[in-house]
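Step one of this worksheet: look at the structure below.
Proteins get letters first, then strands, A, B, ... in listed order; numbering begins at 1 in each. Every heavy atom of this structure was used, including side-chain atoms; hydrogens, water molecules and symmetry mates were not. Please read these numbers as outputs of a predicted model, since none were measured by experiment.
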Amino acid sequence: MIAPTADAGSSAPPPASQPPLLQLQGLGRRRAGRQAVSELTLSLQRGEILGLLGVNGAGKSTTLSMIAGALKPDRGTIRLDGQDFAEHPELARRLIGWLPERAPLWQELTVSEHLEAHGRLRGLSGAALRQARDAALARLELGDLARRLAGVLSQGQRQRLGLACALLHRPPLLVLDEPANALDPVQVAALRRIIREEAAAGAAVILSTHVLTEVTAVCGRVAILHEGTLRYASALDDADRAALERRFFEIALQGAKPGKAAA
Amino acid sequence: MSMPAVMRLELRRLFVRPLAWVLAALTLAELAWRFVLLLGAFLANEVKLAALPGGPGYTDLVALPTLSNMLTGSGALPFGLAELALLVVPLLTMSTLAGERGNGTLPLLSSTGLTPAQIVLGKYLAVLAWLLLWLLLTLAMPLSLAHATHPDWGKLAAATLGLALALATLAAIGVACSAFASHPAVAAALSLAVGLALWMVNLGAALAGVDNGVVNWLAMSSHLEDLLRGLVSSADLLWFVLVTAVALALAMRRLAVERERG
C-alpha cells in the first residue's frame, strides 16, 4: 500500500450547522435484471473527499450515474444542497461535474470544442466560457492538444479531457468514476493534486475506484459497496488506512455484513 | 439556454462530419443535372408553349419539377428533392441519438440537467436547419432565372412550404427512429422504411385493391402533392404538424424511459 501523502485525508468537514451538499437516503436501483444498488444512505459535506470502493459490479458506477442525474433511482431520494434532485434536475447543470467511466467523448470534435460544448451546456457563454476553457486546458495540460480531434487522443489524454470537462464550470460537487484509469504515474499524481485543490477550495468530491491506493492517497472518508449494498463507511485516519486493505478483502471475498455505521 | 447549446453542438457535429458534406455535394449535383435537363426540354418547346393560351410556363415545367417527380412522373429524369429526402434524411438523422447512445455521450447530456424534450428538440432543430439550407440551395437553381422568366410566386411559395413541412416531418421520424434504435445503421433502415411506407401507403393500398379516404389521408404524398400544385389547405398542414409532433413526442418519451430504466 502506498503511504498516504501529507495532506491525504486532510479535507476538513465544514461546521455541523451547514447542511450536507449531497444526501443519499435509501437509494435503490435495479439494472439488467438485478438489484444494482440497494438502500444506500450516505452524505457528503463541502470540502470532503469520499472514496467509493468496491469490486467490479459492486454498484459504484450505477450510484455515481444516479448522483450525476444520468439515471433515475427506483427508490430513495437524492438531495443536493438541501433540495430534492428529482424535483430539481436542473441543479445538475450548476452543482455537478461528472467524469463517467472511460470518459465518453464526441470523436469528431476537437479538445477545445469539447470544452466549449460542455461550457455551453452548463450555461457558460462569451468571455466566461473562453476563460473557463483556457483555464481547464492549462490545468489539465491539454494546451498542446487543443486543436486535436478527440477521436485520435490516447486513453490517458481522453481521461484528462473528460476530467477537464467535469471541472470546467468549477462545480461544488465532483463525481469521478475511476478517474485514474489509463493515467501514467505522473498524471495520477497531478490528478491527486487537482482533487485535493478542489476539496481545499470547498468542493465535495466523490470518487469510485477498485484501487485501494487511490482512496488512501486522497480520501478523507471511505465507503465500501458490495453487491449493491453499503458494507462499510468510515472516516479514514492513519490506523484505518493500514487496515483498509484487510477490510476490503474481507468484504469482497466473504461478503461481510455492514460494518461501521454509514455516515 | 440549454436547447440552443444542444442544437449548436449537433450542428457542429453535422458540419465536421464528412457525411453531411458528401450528401450535400452529391444531391445538389444530381438536382442541378435534373434542373438542366428540365430547362433544356423547356427551351426546346418554348415557342410552342408560348402559343398556347394559359399553357404551362417556367414554374410548372422547370421550377416545380426540380423539387419533385410528383408532378411530372419519374420518366428518364433523376430524382427530385422530395424523393431524395427519403434517402438523405435517414442518413442525416441516424446518429442523432443512436450515435450518442453508442458513444456513451447520451448520459453525459442528461447529466447536464437537460430534459429529454430539450435534447430531442435541440437535435431535431439542428437537422432541420441543415435540411432547410439544402432546400434553399436547391431553390436557388430555378430562382437564378427568375429575372428572365415570369415565375408563379404563389405556386412556388406553396411548394416551398410543402417541401419544408415534408422535410420537417421526415426529420422528426428520423430522430424518433434514432431514439429507438440501438445502432445508427438500424435507425437509418427504420427511418427509411417508415418514410417510404408513409410516402406510398396509398399506392400500395391501391395495388391491393383498397382505395379509401383513410389510406389516402395517411399518405404523405397526397398531402404534399396538393401543396406542390399550389393548393394550401389547413388539413394538409395539420397532417404534417400532427405527424411531426407525434414522432418528436415518441422520441422524448423513449429518452425519458431510458433514463428511468437505464
- Query: Taking the side chain as C-beta and beyond, is there a heavy-atom pair between E100(B) and W106(A) under 4.5 Å?
  - Reply: yes
- Check A92(A) against S111(B) and note the closest heavy-atom contact, atom names and distance. CB-O, 3.3 Å
- Message: Could you measure the distance from the CD atom of E108(A) to the CG atom of N103(B)? Nearest 0.5 Å is fine.
- Response: 7.0 Å
- Is the shortest heavy-atom distance from the side chain of R259(B) to the side chain of L71(A) under 4.5 Å? no
Side-chain polar contacts of residues 131-138 of chain B - donor-acceptor pairs under 3.5 angstrom, sequence neighbours left out - could you list them?
| from | atom 1 | to | atom 2 | distance (Å) |
| --- | --- | --- | --- | --- |
| W134(B) | NE1 | T27(B) | OG1 | 2.9 |
| T138(B) | OG1 | W134(B) | O | 2.8 |

- Per the side chain to side chain contact (heavy atoms under 4.5 Å, CB included) rule, which among R122(A), H169(A), R120(A) passes with T112(B)? R122(A)
- Contacting moiety of R17(B), where chain A heavy atoms sit under 4.5 Å: side chain
- Message: Rounded to the nearest 0.5 Å, what separates atom CZ in R13(B) from atom CD in E113(A)?
- Response: 11.5 Å
- Item | Best-contacting candidate, P104(A), A117(A), P100(A), against chain B by heavy atom pairs under 4.5 angstrom | P104(A)
- Query: Is chain B contacted by the side chain of L121(A), its backbone, both, or neither, given a heavy-atom distance below 4.5 Å?
  - Reply: both
- Query: In terms of heavy-atom proximity below 4.5 Å to chain B, should L105(A) be classed as side chain, backbone, both, or neither?
  - Reply: backbone
- Item | Per-residue contact mode, L106(B) against chain A (heavy atom under 4.5 angstrom) | neither
- Item | Residue pairs fulfilling side chain to side chain donor-acceptor pair (under 3.5 Å) with at least one residue in residues 243-255 of chain B, sequence neighbours excluded | T169(B)-T244(B)
- Under 4.5 Å from a heavy atom of chain A, the part of L108(B) involved: both
- Task: Give, for atom OG1 of T105(B) and atom CD of Q107(A), the distance between the pair rounded to the nearest 0.5 Å.
- Result: 9.0 Å
- For E101(A), is it the side chain, the backbone, both, or neither that has a heavy atom closer than 4.5 Å to a heavy atom of chain B? neither
- Message: Are there over 12 heavy-atom neighbours, none belonging to E197(A), within less than 6.0 Å of that residue's CD?
- Response: yes
